[in-house]
Structures are given as structure tokens and as C-alpha cells.
Amino acid sequence: MAEDYEDFYDIESMTDEEIQALVREQLEEHPDIDAARLDFLVSDGRVQMSGRIGTEAELQIIEHVVTDVIGLKVDNDLVIDELVRQQQPEGADRANAEIYSRGQAHGG
């Protein structure tokens, strides 16, 4: 999958610190992801991800961004933890419920 990305970034010319910043920047564009809770260690263009996330959907978004959008190889040590999901002020469940209720109120 890592080869299926469109190469928008010249990863080979970036330092590990620049790649790490790019990963955080890209993940911060997704409101469901709290990138501050995650650790990314980059070495020779490979990223090791660790930390706790709340849902499988978050994991899929993170993996998609890192492998398909940026084009990095990944060692994934992320853990899905329901307690994290409960601590998130705007968790995916709450956002989905709000969207659903607005759609119902408007005849959707």
C-alpha cells in the first residue's frame, strides 16, 4: 500500500524531524484525531507510531495518512483504548449523533 500514494512530498530529501512535523501537520487536518496524544519516531524515512487512540476508524485514518498520503513505511504500535474514546471531548460517536440529528431535523 505504501507504494500506491501520489508523491506530493520529497520524503527522501527531508530530515527525520521534518517528516515527523509533516506527519503531525497532516493528522491535525483530521478533527477526529488528537495527534498530540500520539508519538511518532522517524528514522531513515520510516515512522514508528505509538500511543492510544479511541476507535478503529481513527487507526484507519492515521494509517491512510501516513502510508497512502505521505508514503511512509510504518511500524504501528498504536493501541485502541475505549477509555481514550470516552475522554475525547468531541468523539466520533458524538459527532455522528449530532450530524444524524441535524439530518433528521431537516428531513434527511
Side-chain angles (χ1 to χ4, degrees):
M1 245 205 290
E3 288 78 28
D4 293 340
Y5 68 98
E6 191 168 337
D7 191 9
F8 292 113
Y9 311 102
D10 187 9
I11 298 296
E12 294 185 15
S13 69
M14 297 173 78
T15 66
D16 290 342
E17 291 79 17
E18 290 170 330
I19 294 170
Q20 184 177 18
L22 176 63
V23 169
R24 286 201 183 280
E25 175 185 305
Q26 289 296 310
L27 289 175
E28 286 171 358
E29 292 184 16
H30 296 272
D32 298 355
I33 307 297
D34 185 358
R37 290 180 174 250
L38 307 176
D39 293 316
F40 304 101
L41 177 62
V42 179
S43 179
D44 296 325
R46 184 176 194 92
V47 64
Q48 180 176 355
M49 304 184 301
S50 61
R52 297 188 178 279
I53 55 174
T55 66
E56 178 71 28
E58 290 175 70
L59 177 62
Q60 290 174 1
I61 291 168
I62 293 166
E63 287 179 336
H64 168 72
V65 168
V66 174
T67 61
D68 298 339
V69 175
I70 300 174
L72 297 171
K73 295 188 187 316
V74 175
D75 293 324
N76 185 346
D77 294 326
L78 294 173
V79 174
I80 298 172
D81 183 347
E82 189 158 321
L83 291 176
V84 170
R85 186 172 121 211
Q86 292 172 1
Q87 293 171 358
Q88 294 174 339
E90 295 183 27
D93 292 340
R94 194 174 315 166
N96 286 334
E98 184 177 320
I99 291 167
Y100 177 75
S101 68
R102 276 189 269 149
Q104 291 297 316
H106 294 42

Leu27 versus Phe40: any side-chain heavy-atom pair under 4.5 Å?
-> yes
Glu56, CD: over 12 other non-hydrogen atoms inside 6.0 angstrom = yes
Mind listing the closest non-hydrogen atom pair of Gly54 and Glu58 along with its distance?
-> N-OE2, 3.1 Å
Under the side chain to side chain contact (heavy atoms under 4.5 Å, CB included) criterion, do Ile53 and Asp81 qualify, and how do the steps go?
-> CA-CA 6 Å; Ile53 55 174; Asp81 183 347; over 6 Å; no
Here the pair of heavy atoms bringing Arg24 nearest to Leu38 is NH2-O, 2.8 Å
Quick one: do Leu59 and Ile80 satisfy side chain to side chain contact (heavy atoms under 4.5 Å, CB included)? Show the steps, please.
-> CA-CA 8 Å; Leu59 177 62; Ile80 298 172; 4.1 Å; yes
Show your reasoning for whether side chain to side chain contact (heavy atoms under 4.5 Å, CB included) applies to Gln26 and Ile70.
-> CA-CA 8 Å; Gln26 289 296 310; Ile70 300 174; 3.9 Å; yes
Go through the structure and list residues passing side chain to side chain donor-acceptor pair (under 3.5 Å) with His30, not counting sequence neighbours.
-> none
Side chain to side chain donor-acceptor pair (under 3.5 Å) involving Glu28 - partner list, sequence neighbours excluded = none
Quick one: list whatever passes side chain to side chain contact (heavy atoms under 4.5 Å, CB included) with Glu25, sequence neighbours left out.
-> Leu22
Distance col, row Ile19:CD1 vs Leu72:CG, nearest 0.5 angstrom, shows 6.0 Å
Check side chain to side chain donor-acceptor pair (under 3.5 Å) between Asp39 and all other residues, then give those that pass, not counting sequence neighbours.
-> none
Kindly write out the residues that satisfy salt bridge (charged side-chain N to carboxylate O under 4.0 Å, His left out) with Arg46, not counting sequence neighbours, or none if the list is empty.
-> Asp75
In terms of heavy-atom contacts, Asp44 and Asp16 come closest through N-OD1, 3.3 Å
For Leu41, the side chain to side chain contact (heavy atoms under 4.5 Å, CB included) test, sequence neighbours excluded, returns Gln48
Measuring from Asp10:CG to Glu18:CD, what's the distance to the nearest 0.5 Å?
-> 10.0 Å
Given side chain to side chain contact (heavy atoms under 4.5 Å, CB included), test Ile62 with Leu78 step by step and report yes or no.
-> CA-CA 10 Å; Ile62 293 166; Leu78 294 173; 3.9 Å; yes
